[in-house]
Amino acid sequence: MHADAKITTIEGLAQGDNLHPMQAAFVAHDAFQCGYCTPGQICSAVGLVNEGHAKSDADIKELMSGNICRCGAYPNIVDAVRDVLEGKKDAAV
Ligand code: FES
């Protein structure tokens, strides 16, 4: 289904030793605990910002709702995404 599509995984976000702004925001906000869900959370968050549909915390929560974090890091995840969304960190890939 995605034979010719460009797909960026978590490994493709950082530029060498420089974290992607969303990765840096997750670190800054301690937005993970076990880390199992983190690659999916960050990739979804980058897509969310790039699509430009989120205007509020409620939008962030709704658009991230497909990603389950059993640790309950949701408030910190929302804080990290909001920082990037508000331009506190540049989310451009
Ligand atoms: S950080 Fe543990 S499931 Fe998300």
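Whatever order the structure lists ligands and atoms in, that order sets their numbers, starting from 1.
Against a heavy-atom cut-off of under 4.0 Å, Arg70 is close to the following atoms of ligand 1: 3 (S). Ligand 1 places these atoms under 4.0 Å from at least one heavy atom of Cys71: 1 (S), 2 (Fe), 3 (S). Near Gln33, with a cut-off below 4.0 Å to any heavy atom, the atoms of ligand 1 are 1 (S).
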**Asked** Hey, mind stepping through His53 and Asp59 against side-chain hydrogen bond (donor to acceptor under 3.5 Å, both in side chains) and telling me if it holds?
**Response** CA-CA 8 Å; His53 300 304; Asp59 292 341; over 6 Å; no
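The minimum heavy-atom distance between Gln15 and Gly12, with the atom names listed, is NE2-O, 4.3 Å. Shown here for Thr38 and Phe26, the closest heavy-atom pair between the two residues is CG2-CD2, 4.2 Å. Smallest separation of non-hydrogen atoms from Ala54 and Leu48: CB-CD2, 3.5 Å. Shown here for Met22 and Val81, the closest heavy-atom pair between the two residues is SD-CA, 4.1 Å.
By the 4.0 Å heavy-atom criterion, Gly35 is counted among the residues contacting ligand 1.
Rounded to 10 degrees, the SG-metal-SG angle spanning Cys69 and Cys37 at atom 4 (Fe) of ligand 1 equals 110°.
Coordination check, Cys34 versus atom 2 (Fe) of ligand 1: passed, since an N/O/S atom of the residue sits under 2.8 Å.
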